[in-house]
Amino acid sequence: MAIVSRPAARVRAAILPLLLVASLAGCAGRPEGVLIPTAAAATPAGQKVDMLVATTRLPSQTPGILFSGERGDRLEITDIAISIPPEANRKVGEVQWPKRLPADPSKEFATLRVTPVKDEVEARGWLDRHLPPSKRVLVFVHGFNNRYEDAVYRFAQIAHDSGADVAPILFTWPSRASIFDYNYDKESTNYSRDALEEMLGAIADDPEVGEITVMAHSMGSWVTVEALRQMAIRDGRVAPKIQNVILASPDLDVDVFGQQYRTLGANRPDFTLFVSRDDRALQLSRRISGNVDRLGQVDPTVEPYRTKFENAGISVIDLTALKGGDRLNHGKFAESPEVVQLIGTRLLAGQTITDSNVGLGDRIGAVALGTAQTVGGVATATVNAPIAVFDPQTRRNYNEHLRRVGRSFENTIVSTVPE
C-alpha cells in the first residue's frame, strides 16, 4: 500500500481546488471551428483586426481548427482577419465567442479571412502593407492552456480594445490547452524559442519597420525572454528596434529571470511587468515549481524586489487590487478596460514608459483626476483606482511632490516605492 506523506498530502490538497477552478474556467460550450471564415457585409472601419499569425503548432485536419496543440516541424504563417462587434453590443476587455456557427458579427467575434502565407517574402509583403504611419509592430505571445483559436481571438480583442497604432503579429506555440499538460506546454515553449528568435530577427531586419514591442502573457513570457536572451548571445545584443517588452502575469522563476535579464546586456529593451498577488494560476505554478516565487506574483514594494526593480530600471504595474474578469485572476491585463486601454494609449503609443520628466504613474493619475495636467503639478491627488505604478521617474516625482505639499496621498492610483 502506498503511503503519502503529510507534506505531500497538504500540497495536493492545496493544488486540487486550483485545478478544479482552472478546469471550470475553460472553454465549455464554445462551438468548434470558429476559424471557418464567415460571409459578412463590409465591416466598418475600426471593427476589423488584420493580423499575421506565426505558429510552431502542427496543422490540424479539422476544418476551422487550423492548428492543433501538437508540435509542428516548421514555422507556419497565416493571414487572418477578425471582425469585432460594435461597441454598443460588447464590453471592452471581453471576447464575445460565437454561441453557434456561423457567428453573428453584430454581436459576436467572427472570422472574416484565413489565408496561408507561403514564405518569408509574402510575410514581409503583408507586414509592409499593414504597417501604420508610426511604423510600429506589436508581437504578442500567449500563455499556458491556449488553443490556437483562443490566442487569435484574444489577440484580436487586445489589438482592438487597446486602440494601438501598430501592425499586430501573433506568435502561438504548441499548447494542448489542458490544465493537466503544464509540463508539456512548458517544454513546448523551449521547443519554440528558436522560431520566435528568428521571427523577431526577420521583423527587425525589415527596413520599413521602425519599432517593435513584444508583449507576452503567462508562460509565453518564458519563450519570449529566452528568445531575446538567445538573440543577445548570438548577435551580441538584442535588435535595437525591439524597444519595449511587456510581461503580463509572467510565469517565470524570479531567480532565472534575473539571470536572463543580465544576459540581455546593457542595451536591453525597456521592460514593464504586470503583476498581481492574487493570481491563482501563478499560485499553482509556484507550488509545482519548487515554491520559488513567480515573477508575476511578487510584491514590488518589498525587498529584495523593490531595490532590484529600481536598480534595473524595470517598471512594475501592480494590479492586485483590480477585480479580475476570470476566476483565476490571471488575465487582468487583457480583461480590464482600464489596463488594456493603458497598453494602447501609453505603452504602445510611441512613448517610453517614462519620457521626459513625466512618469507613467503621473500620466495615469492625471487621467484619473480628469485633468490633462500631470499629478506633480496639482496640489492634491486623491483618486480611487486600483492600479499602482512603480517606475523610477514617478517615484522621484512623487517624493518631490510630497516634500512640497507636505501631506500624504490617500487611495492614489500611483504609489511610490516606500522609503
Side-chain angles (χ1 to χ4, degrees), residues 4 7-28 30 55-58 60 67-72 140-151 154-155 170-196 215-227 229 247-257 259-260 273-298 324 326-335:
V4 180
R10 284 196 295 270
V11 171
R12 185 175 64 183
I15 289 176
L16 283 177
L18 292 178
L19 289 174
L20 177 60
V21 171
S23 63
L24 291 174
C27 51
R30 295 181 194 167
T55 186
T56 50
R57 296 173 184 253
L58 184 70
S60 170
F67 294 92
S68 71
E70 302 306 305
R71 299 162 186 161
F140 178 66
V141 185
H142 65 78
F144 166 62
N145 192 21
N146 269 245
R147 301 179 301 178
Y148 183 89
E149 58 266 36
D150 294 335
R154 173 57 75 187
F155 186 39
L170 169 65
F171 181 85
T172 168
W173 46 273
S175 166
R176 285 180 174 166
S178 169
I179 192 69
F180 301 104
D181 280 314
Y182 183 91
N183 287 331
Y184 173 86
D185 279 19
K186 182 63 177 289
E187 293 305 321
S188 290
T189 62
N190 291 328
Y191 179 81
S192 303
R193 58 190 168 189
D194 289 351
L196 178 56
M215 181 165 63
H217 179 226
S218 183
M219 193 180 284
S221 298
W222 169 262
V223 64
T224 296
V225 181
E226 275 292 283
R229 173 180 172 274
L247 304 182
S249 306
D251 187 2
L252 274 170
D253 180 308
V254 291
D255 298 329
V256 175
F257 173 71
Q259 294 282 9
Q260 293 170 316
L273 311 180
F274 286 92
V275 303
S276 184
R277 295 187 297 282
D278 64 349
D279 189 319
R280 301 182 72 185
L282 294 184
Q283 290 174 14
L284 171 59
S285 176
R286 186 181 190 275
R287 287 184 174 131
I288 64 179
S289 301
N291 276 330
V292 178
D293 285 344
R294 313 313 285 173
L295 184 62
Q297 205 183 12
V298 302
D326 68 271
R327 283 169 283 192
L328 293 178
N329 296 317
H330 193 52
K332 293 182 182 181
F333 83 104
E335 296 164 352

- Message: Could you go through H217 and F274, starting from their C-alpha distance and side-chain angles, then the distance that decides it, and tell me whether this counts as side-chain contact (heavy atoms from CB on, under 4.5 Å)?
- Response: CA-CA 9 Å; H217 179 226; F274 286 92; over 6 Å; no
- Message: F155 and ring-ring contact (aromatic ring centres under 6.0 Å, His included): which single residue from F140, Y148, F171 fits?
- Response: F140
- Could you pull out all residues at least two apart from S276 that satisfy side-chain hydrogen bond (donor to acceptor under 3.5 Å, both in side chains)? D278, K332
- Message: Please determine whether a side-chain nitrogen of the Lys or Arg among R154 and E149 lies less than 4.0 Å from a carboxylate oxygen of the Asp or Glu.
- Response: no
- Message: For S175 and R147, which I'm curious about, is there any donor-acceptor pair between the side chains at under 3.5 Å?
- Response: no
- Under 3.5 Å, side chain of S68 to main-chain N/O of L58, donor-acceptor pair present? yes
- Message: Assess the residue pair V275 and L295 against the criterion (side-chain contact (heavy atoms from CB on, under 4.5 Å)); give the C-alpha distance rounded to whole Å, side-chain angles, the decisive distance to 0.1 Å, and a yes or no.
- Response: CA-CA 8 Å; V275 303; L295 184 62; 5.8 Å; no
- Note on the structure: Contacts of A227 meeting side chain to side chain contact (heavy atoms under 4.5 Å, CB included) (sequence neighbours excluded), chain-then-number -> L196, E197
- How close do T55 and T172 get, heavy atom to heavy atom, and via which atoms? OG1-O, 2.7 Å
- Message: Looking at N146 and F144, would you say the former's side chain and the latter's main chain have a donor-acceptor pair under 3.5 Å?
- Response: yes
- Distance-only polar pair, side chains of Y182 and S285, donor-acceptor under 3.5 Å: yes
- R229: side-chain hydrogen bond (donor to acceptor under 3.5 Å, both in side chains) partners, not counting sequence neighbours: none
- Message: Could you work out, with side-chain hydrogen bond (donor to acceptor under 3.5 Å, both in side chains) as the rule, every residue matching D293, not counting sequence neighbours?
- Response: R286, Y305
- Item | Counterpart residues, side-chain hydrogen bond (donor to acceptor under 3.5 Å, both in side chains), relative to Q260 (two or more places apart) | E226
- Step by step, would you call W173 with S188 a side-chain contact (heavy atoms from CB on, under 4.5 Å)? CA-CA 7 Å; W173 46 273; S188 290; 4.0 Å; yes
- CG-CD distance between D251 and Q297, expressed to the nearest 0.5 angstrom: 9.5 Å
- Please lay out, stage by stage, how N190 and V223 fare under the test side-chain contact (heavy atoms from CB on, under 4.5 Å). CA-CA 6 Å; N190 291 328; V223 64; over 6 Å; no
- Item | Shortest non-hydrogen contact from T224 toward A216 | OG1-CB, 3.3 Å
- Message: Strictly by salt bridge (Lys or Arg N to Asp or Glu O under 4.0 Å), give each pair with a member in residues 173-187 just once, sequence neighbours left out.
- Response: E70-R176, R176-D181
